[in-house]
Protein chains: 2
Amino acid sequence: MTHDPRKTFEAARAASTGELLLRAARLLDESALERLRAQPGAPPFRPAHTRLFPHLDFEGVRATELAARLGISKQAVGQLLGDLIEWGMVEQIPDPTDGRARLVRYSSSGAEALSHGLGILAGIEAEVRARLGDQAMQTFREALQTVIDVLER
Amino acid sequence: MTHDPRKTFEAARAASTGELLLRAARLLDESALERLRAQPGAPPFRPAHTRLFPHLDFEGVRATELAARLGISKQAVGQLLGDLIEWGMVEQIPDPTDGRARLVRYSSSGAEALSHGLGILAGIEAEVRARLGDQAMQTFREALQTVIDVLER
DNA sequence: TACATATGGTAAAGCACCCTTTACCAAATG
DNA sequence: CATTTGGTAAAGGGTGCTTTACCATATGTA
């Protein structure tokens, strides 16, 4: 039996969990954004905006803090926040502890939009869970966390 | 016991498997590209280039076919292929069945680079597998495939 | 207190990336 | 011979950042 390195390539590529992961994430990203914007009256969210959401809350965060967490400049954050404010997703209040600073937090209509977005993700997740079962779903989550741990180290 | 919708938000967000998936994929994407380019003499691959790799082989593919698979214009593919040719990753040969067409395929030095890239992915995958075990790894792969199925439908 | 420096934020310009659009040529197809 | 198809060339546009420059408030220090 001869050994064809080309076949080995193909086999290795077909087996790559990494490609599966990237493909699944890209699909999720596109799909979630697509469904989000399909909502009538929904602002034209772009991926850059959605990356802010996990770091926003109701207590208020500084733009500087967001920039640090996302690893981008505070000016870039400022541009994205400008959109979100314009769309009514978030509002700014003065930071009571620092006259220079402002706190940005979800507005009440922003909370609704967020809720809708989370609902979309939850819907997809539920569909996956229905096929996998609870136990495999738990394993899935642990595996994802392991990947994150390995890559963040 | 009162029900605070804010707390519910936070709990729902913390539990989002979707965010885990997106985060893991983004890390993998960045990490793989970073390690790929860390190789001395490695061409300055960009994400757009790496997305071509899974669709290239040793038999040869048409640019039009690549464009169709990636869902982008053939001109866009042409630009990316121009880089890969310049970097010696791929080579073009005339399509024996069609005088207008050309087939693009991995060059021998491209095969080495590909092999190195696959090695990087395999290394990450092995590290994850070592922590999860073979069985959980299998579950992980099935879960990823399920996500893809759900979203592609 | 006065001043230098650090920090939070904004404004404007510009850049890299990744794609599209428009236009075109050459070979294949009917 | 008209039309379709594979491919190329050039220009341009949207996105998501950075860089440079600046203002206002805070903070540490002589």
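Predicted, not measured: the structure shown is a model, and the values here were computed from it.
- Annotation: proximity of residues 82-102 of chain B to DNA chain C (heavy atom, distance under 4.0 Å) is found for D98(B), G99(B), R100(B), numbered in ascending order.
- In this structure, CG of L80(A) is placed 12 Å from P of dT15(D), rounded to the nearest angstrom.
- Looking at heavy-atom distances under 4.0 Å, T64(B) makes contact with sugar-phosphate atoms alone, never a base.
- Applying the side-chain contact (heavy atoms from CB on, under 4.5 Å) criterion to T97(B), with sequence neighbours excluded, gives R62(B), D95(B).
- For the OP1/OP2 pair of dC17(D) and a distance below 4.0 Å, the side-chain nitrogens and oxygens of S73(A) include no atom meeting the criterion.
- L56(B) contributes atom CG, which lies 12.5 Å from atom CZ of R105(B) (distance to the nearest 0.5 angstrom).
- For DNA chain C, no neighbouring residue in residues 22-31 of chain B is found when judged by any heavy atom under 4.0 Å.
- By the side-chain contact (heavy atoms from CB on, under 4.5 Å) test, A143(B) pairs with L132(A), F140(A), sequence neighbours left out.
- In terms of the salt bridge (Lys or Arg N to Asp or Glu O under 4.0 Å) criterion, residue partners of E152(A) (sequence neighbours excluded) are, by chain and number, R23(B).
- Atom P of nucleotide dT5(D) and atom CZ of R62(B) are separated by 12 Å, given to the nearest angstrom.
- Distance, Q79(A) CD to dG14(D) P: 16 Å, rounded to whole Å.
- The salt bridge (Lys or Arg N to Asp or Glu O under 4.0 Å) check on R129(A) picks up E125(A), D134(A), with sequence neighbours excluded.
- Nucleotides of DNA chain C lying under 4.0 Å from heavy atoms of chain B occupy a range whose first and last members, 5' to 3', are dC17(C) to dA28(C).
- Across residues 34-43 of chain B, not one residue has a non-hydrogen atom less than 4.0 Å from an atom of DNA chain D.
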Contacts table for residues 76-83 of chain B: side-chain donor-acceptor under 3.5 angstrom, sequence neighbours left out:
residue: D83(B); atom: OD2; partner: R46(B); partner atom: NH2; Å: 3.2
residue: D83(B); atom: OD2; partner: H49(B); partner atom: NE2; Å: 2.8

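- Once rounded to the nearest 0.5 Å, the distance linking CG of L21(B) with CG of L144(B) reads 7.0 Å.
- Rounding to the nearest 0.5 Å gives a distance of 12.5 Å between CE of M137(A) and OG1 of T139(B).
- L27(A) CG to I148(B) CD1: the interatomic distance, rounded to the nearest 0.5 Å, is 6.5 Å.
- Residues forming a salt bridge (Lys or Arg N to Asp or Glu O under 4.0 Å) with R69(A) (at least two apart in sequence, or on another chain): E65(A).
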Tell me which donor-acceptor pairs under 3.5 Å the side chains of residues 31-42 of chain B have, and how far apart each pair is, sequence neighbours excluded?
residue: S31(B); atom: OG; partner: R35(B); partner atom: NE; Å: 3.2
residue: R37(B); atom: NH1; partner: F45(B); partner atom: O; Å: 2.7
residue: Q39(B); atom: OE1; partner: H116(B); partner atom: NE2; Å: 3.2

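- Atom-to-atom, CD of Q75(B) to P of dG12(D) comes out at 16 Å; the value is rounded to the nearest Å.
- E142(A) is linked by a side-chain contact (heavy atoms from CB on, under 4.5 Å) to Q138(A), counting only residues two or more places apart in sequence or in another chain.
- Put simply, CG on L81(B) is 15 Å from P on dG6(D), counting in whole angstrom units.
- Annotation: the span from R102(A) atom CZ to T64(A) atom OG1 amounts to 12.0 Å, rounded to 0.5 Å.
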